[in-house]
Trainee: 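I'd like to ask some things about the structure below.
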Amino acid sequence: MSDLNQKSGHLARTVMPPPAPSRTQAYPSARPSARAFARTPQVLEAAAGFGQWAHAEGWLSLSPQAAEFFDAQGQLEGPLDDALTQVVMDDLVRLRPRFKAHAGQLWQQDLRVISRTQGLRWLRMTALPADPDQPDLQQGIVQDVTELKHAQMRERLGFELTEFLVGSHSLGSAILNVIQGVCNSLGWDWGAYWALETDPAGQPQLACHQFWHPSEHDMSAFSQASQQLRLRPGEGLVGRVWQSGQATWVEDMATDPGFVRRASARASHLRSGYIFPVTFQSGDGSDHRPGVLEFYSSLARQPDAQLPLLSGTIGALLAQTAQKLEQQATVLHLSQVDGLTGLANRRHFYEVLGATCRQAEALGQHFGLMFIDLDRFKPINDAFGHDAGNTVLREFAQRLQALAPAGATAGRLGGDEFALLLPGVDLQAFAETAERVRQAARRPMLHEGVELSLSASVGISLFPENGRTPPELLRSADAAMYRIKQNGRDGSDFFSQTSPHALAEQQNILMQRLQMAQDLHLALQRQELFLHHQPIFDQASGRLHGTEALVRWRRPDGQLVPPDVFIPLAEEAHLIVQIGQWVAAQACTDLATLEAAGLKGLRVHVNMASPEFHRDALPEELLALTRRHGLAPAQLSLELTETLVMEQPAQVTAVMGRLRAAGFEISLDDFGQGHSALSLLKQLPLNTLKVDRCFVRGLGEDVSDEAIVRTILDLGRHLGLRVIVEGVETAAQLQRVRACGGQFVQGYLLARPMPLGDLLQRFAPPS
């Protein structure tokens, strides 16, 4: 602020005008009189905002117009100081030397005058050239420049406030700059900002967020009372100003019944104030009203206050700044947060991880990184649609955030991959957190009334043992997680610390995984895939009922890759549909060979992945395939998991209906493992149920398992479905299956999966 404005604010609150002289006061006669104005053009008197003055030997004479400017009526004459009693003292001190100068000297000075009726006014006194006939007489004009000064002040204050606001990186610092600037510039003793917020019950309230006062004033009582107070919209003067959007004066804080801080105002010697809304109307016509500003003084400020003329500008600037900072905060939030889950996104999580690495390196600290991959997420996403997948991701993210220990950072790295940054060095605590993560993943998640089930594989790396940079730590945690995947999923483990070449080993695992994915692309072209058939027997006749076609992969070096390794890899590499088409074609070729060898009427069960089953072209493709090999569609049984079919049948029923209409059989695999609804089971176009092997395992030992198997067999008979009991591995299990009424059986006890040649050799009739 300029020196002039700073002094203006200070004197406006510290200098009270002395009593005005009587308009009939007598003055010595040998001084300038009305005759002194004779040579000044009379048009000045007629012009609005102008008056005349004359001075000689310390005696000042003011024309009626000029006297009115100085809060007097009629012509005013007298000693200089007596005639200008309403002028602010600092300005009068600077004015005196002007009148002592030579009469012919030209000068101009702005004065502040405190009028009892008009408040603070700005006047401009200008000296005119000396009259040759009266060389000792100074003459000049007086002009009211109050509006000009106010306009300049608004512009200057607006510019300075804009600088404050533009330079602020938070709304709090911007507001504090505004409050301090207004107090210093306009002479207020205490200022504050009340912001609209919500209470714990979600209701709106106004709270004092920032306040400022000069350090030389003791305002602790009023400041403390303001900070402790909460006002509803419409409550108290602050609440009413916010609600109405209209500014208001407080004439006497100590006695105003609408002012709720009367006692603390008296204790802090505050008397009057001005309260106005911080509001801004945006281009679309909507009001943005984040809060209220209030300023108080120890004086009766209303007559001499300039704040009302500036409050609109201040409120709009501050509201616009609040809106800008809120938008910037929103943009920053969106740039750091995953939009679906609300966790840190990949980029921001990497930034946090990098900063944590640097801090830990500098301070010698330790921490852990948890890499989390959801098991069986892709089948849910493919089978039930992205809405179901998004439900799973959001729900798991909420559970992960809830169980994260204090100081941890949770993030979503992409897809179904999550990460958790864990402070400290407590390995037992890390392991317990990993277990809670797995439990959170295993709890069913509800989507459109259907429970979706999955699990999680968790790998943990440690700083600095498993890496000192984000890429090293992530690779280590990913390698630990991948080992869990290879060992059956749904587990957790730390990255191996026993090998001195742990990072190299981990890199080797990842490279092998990438190489395997590339090799799988070539496996179809090189005819490296082949089928094994596991027989299914009819216990009533003792004959072979059919087989289940199981895909196998032998690499060029003769290595057999387990299906539970390359099938998930095929899903990740989007090769599962191509592999499924190959399996169906090869199964039909093998079935035709069995038919030609005399094994008539067999059925071949083919496992279907969810992406295959959702293709509209599937029924026509399979029909063309069976016709080409001379097979009846009923000889091809398409196996789908219970998770795929039962949890959201609406998305697959249409394709199932078309397949059944074309004559294909549909088998529900692993029945009883998921969360089936029996009311939906009867509506599905099924031919066969396959009892999950987890219930068969306990037959002969667990009466509960036997009861479940018996119930499923009875259910199948009542619904007209064929029931196959798979996983029979012991004679005791087979005996209990027969006792329960099971007719169709599959398992290692009776026959392991075998190549087509072995199947023909064992079961084909003699030629």
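Everything numeric in this text was worked out from a predicted model, so none of it was measured.
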Trainee: Does a sphere of radius 6.0 Å around CD in Gln559 hold more than 12 heavy atoms from other residues, nucleotides or ligands, not counting ones at 6.0 Å or beyond?
Mentor: yes

Trainee: Who pairs with Leu403 by side-chain contact (heavy atoms from CB on, under 4.5 Å), at least two apart in sequence or on another chain?
Mentor: Leu400, Thr433, Arg436, Val437, Ala440

Trainee: Does the Gln635 side chain pair with the main chain of Leu602, one donor and one acceptor, at a distance under 3.5 Å?
Mentor: yes

Trainee: Verify whether one side chain among Asn466 and Glu472 offers a donor that lies under 3.5 Å from an acceptor in the other.
Mentor: no

Trainee: Of all the heavy-atom pairs spanning Cys357 and Phe463, show the shortest one and how long it is.
Mentor: O-CZ, 3.8 Å

Trainee: Hey, does the Lys NZ or Arg CZ of Arg347 hover above the aromatic six-ring of Tyr350, less than 6.0 Å from the centre and inside 45° of the axis?
Mentor: no

Trainee: Can you run down the salt bridge (Lys or Arg N to Asp or Glu O under 4.0 Å) pairs that involve residues 544-554, sequence neighbours left out, and say none if there aren't any?
Mentor: Glu548-Lys690

Trainee: Apply side-chain hydrogen bond (donor to acceptor under 3.5 Å, both in side chains) to Ser461 and list each qualifying residue two or more places apart in sequence or on a separate chain.
Mentor: none

Trainee: Taking salt bridge (Lys or Arg N to Asp or Glu O under 4.0 Å) as the cut-off, I'd like each qualifying pair that reaches into residues 514-534, sequence neighbours left out, listed once.
Mentor: Asp519-Arg555, Arg526-Glu528

Trainee: In terms of relative ring orientation, are Trp553 and Phe566 parallel, tilted or perpendicular, with 30° and 60° separating the classes?
Mentor: perpendicular

Trainee: Under the ring pair (Phe, Tyr, Trp, His ring centres under 6.0 Å) definition, can you give me all pairs with a residue in residues 615-635, not counting sequence neighbours?
Mentor: none

Trainee: Is there a side chain to side chain donor-acceptor pair (under 3.5 Å) between Asp338 and Thr341 once you walk through the steps?
Mentor: CA-CA 6 Å; Asp338 176 62; Thr341 64; 2.7 Å; yes

Trainee: Applying side-chain contact (heavy atoms from CB on, under 4.5 Å), name anything that partners Pro535, two or more places apart in sequence or on another chain.
Mentor: Phe537, Leu544, Ala751, Met754, Leu759, Phe763

Trainee: Under a 4.0 Å N-O cut-off, is there an ion pair linking Arg627 with Glu620?
Mentor: no

Trainee: Answer yes when Asp564 and Arg489 have at least one side-chain N-carboxylate O distance shorter than 4.0 Å, and no when they do not.
Mentor: no

